[in-house]
There are 2 protein chains.
Amino acid sequence: MELKPTDSELEILNILWEKGPSTVRDVHEVLERSKEAGYTTTLKLMQIMHDKKLLIRDETSRSHIYTANISQQKTQGQLVKKFIDNVFNGSASQLVLQALGNHKTNRQELDEIKQLLAEMEKKMKHR
Amino acid sequence: MELKPTDSELEILNILWEKGPSTVRDVHEVLERSKEAGYTTTLKLMQIMHDKKLLIRDETSRSHIYTANISQQKTQGQLVKKFIDNVFNGSASQLVLQALGNHKTNRQELDEIKQLLAEMEKKMKHR
DNA sequence: GCAAACATACGAATGATTTCGTAAAACAAA
DNA sequence: TTTGTTTTACGAAATCATTCGTATGTTTGC
């Protein structure tokens, strides 16, 4: 699968991942909070995403119900990979340094990262 | 400065950051290795970037010499911030988990990250 | 039933990025 | 000088994403 959602599409995907199956109106109402947008604009975008198979929809009732057709995990993974290639010439750790360096990270997040690092350490020793 | 280079522009910036001041032909030759592109296309892009002040150029000799006018550090920082907002709803650690989880990271990179984490730990205790 | 509200579909305008053809100027070699 | 090569400049086409107006059909409430 060769997928690259645009920025607008990603906004919609984020909403659907968070809220689960939703109508255009549902999505539009969330979208409206953070940006100016007409209803038909949101509709059109979701129709295009449906054409591209980014979304599937249930047309049983008049208000179609849309669902994301690609997983959040996988999509984020692809986007991160592409981003690392584009911006950091393929060096994941460079990205990590940037991300940690410039952002405030709280105790819990830090612990999660430390834990992951510990696991990676372990795996490295086993080689 | 509110700058957001496009993907094509970023490719060119990467080359200039790596190679330093270069002519259009220099850049184009590097670009050609990884993608199909006409010379005038590269030229036009660099001219546009010059208009946008992303590049500066020395017009002394016939072949103008272009130099990146924004720092790699700063640009990467801005791009990372935007990326984290778009894709991970602002959570830097989520990005880090993705990046570390899906990519092979070597010992040295891992050590750098550990070191940075240790410093962050320290700072947190001092609050 | 009828009007108002709501939904989809469609086409087209807008805007931004990318691509490239062509012309003119500078230079190089014969 | 003349011819061929290299460069810049310019304009416009092609592409893609985004936005929205309008038509049409469905449902709801009176």
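Note on naming: letters A, B, ... go to the chains in the order of the sequence lines (proteins, then strands), and numbering restarts at 1 for each one.
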Considering only distance and modelled atom types, tabulate donor-acceptor pairs under 3.5 Å from the side chains of residues 14-21 of chain B, sequence neighbours left out.
{"from": "B:Asn14", "atom 1": "ND2", "to": "A:Asn86", "atom 2": "O", "distance (Å)": "2.8"}
{"from": "B:Asn14", "atom 1": "ND2", "to": "B:Leu10", "atom 2": "O", "distance (Å)": "3.3"}
{"from": "B:Trp17", "atom 1": "NE1", "to": "B:Ile70", "atom 2": "O", "distance (Å)": "3.0"}

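Atom P of nucleotide C:dA16 and atom CG of B:Leu54 are separated by 15 Å, given to the nearest angstrom. Atom NE2 of B:His50 and atom P of D:dT8 are 12 Å apart (whole Å). Separating the CG atom of A:Leu10 from the P atom of D:dA17 is a distance of 14 Å, rounded to the nearest angstrom. Look at CD1 on B:Ile65: it is 15 Å from C1' on D:dT8, rounded to the nearest Å. To the nearest angstrom, P of D:dC16 lies 14 Å from CG of B:Asp7. B:Asp58 places its CG atom 12 Å from the P atom of D:dT8, with the value rounded to the nearest Å. If you take CD of B:Glu59 and C1' of C:dA25, they are 14 Å apart, rounded to a whole angstrom. Separating the CE atom of B:Met49 from the P atom of C:dA16 is a distance of 18 Å, rounded to the nearest angstrom.
Considering only side-chain N and O atoms, A:Ser63 lies nowhere under 4.0 angstrom from the phosphate OP1 or OP2 of C:dT8. For D:dA17, neither phosphate oxygen OP1 nor OP2 lies less than 4.0 angstrom from any side-chain nitrogen or oxygen of A:Thr6. Checking the phosphate oxygens (OP1, OP2) of D:dA17, no side-chain nitrogen or oxygen of A:Ser8 falls inside 4.0 Å. OP1 or OP2 of C:dA9 has at least one side-chain nitrogen or oxygen of A:Arg57 nearer than 4.0 Å.
Contact annotation: the side chain of A:Tyr66 never approaches that of A:Ile56 to less than 4.5 Å [non-hydrogen atoms, C-beta and beyond].
In this structure, a donor-acceptor pair under 3.5 Å is present between the side chains of B:Thr60 and B:Asp58.
For the residue pair B:Ile84 and B:Ser91, the shortest heavy atom distance occurs at CG2-N, 3.6 Å.
Between A:Glu9 and A:Lys4, none of the side-chain N atoms (NZ, or NE/NH1/NH2) sits under 4.0 Å from a carboxylate O, so this pair counts as no salt bridge. Between A:Lys114 and A:Glu112, no side-chain nitrogen of the basic residue sits less than 4.0 Å from a carboxylate oxygen of the acidic one, so the salt-bridge criterion is not met.
A:Ile65 and A:Leu13 fall into different hydrophobic clusters, defined by Ile, Leu, Val, Met, Phe, Trp and Tyr side-chain heavy atoms under 4.5 Å apart, directly or through other members. Follow the hydrophobic side-chain contacts under 4.5 Å out from A:Ile12 and you reach A:Val30 in the same cluster.
In this structure, the side chain of B:Asp51 does not engage the main chain of B:Ile48 through any donor-acceptor pair within 3.5 Å.
Taking a 4.0 Å limit (strictly below) on heavy-atom distances, residues 23-48 of chain B reaches DNA chain C at B:Gly38, B:Thr40, B:Thr41, B:Lys44, B:Ile48.
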For nucleotides 27-30 of chain D, print each protein N/O atom paired with a nucleotide N/O atom at under 3.5 Å, atom names and distance only.
none

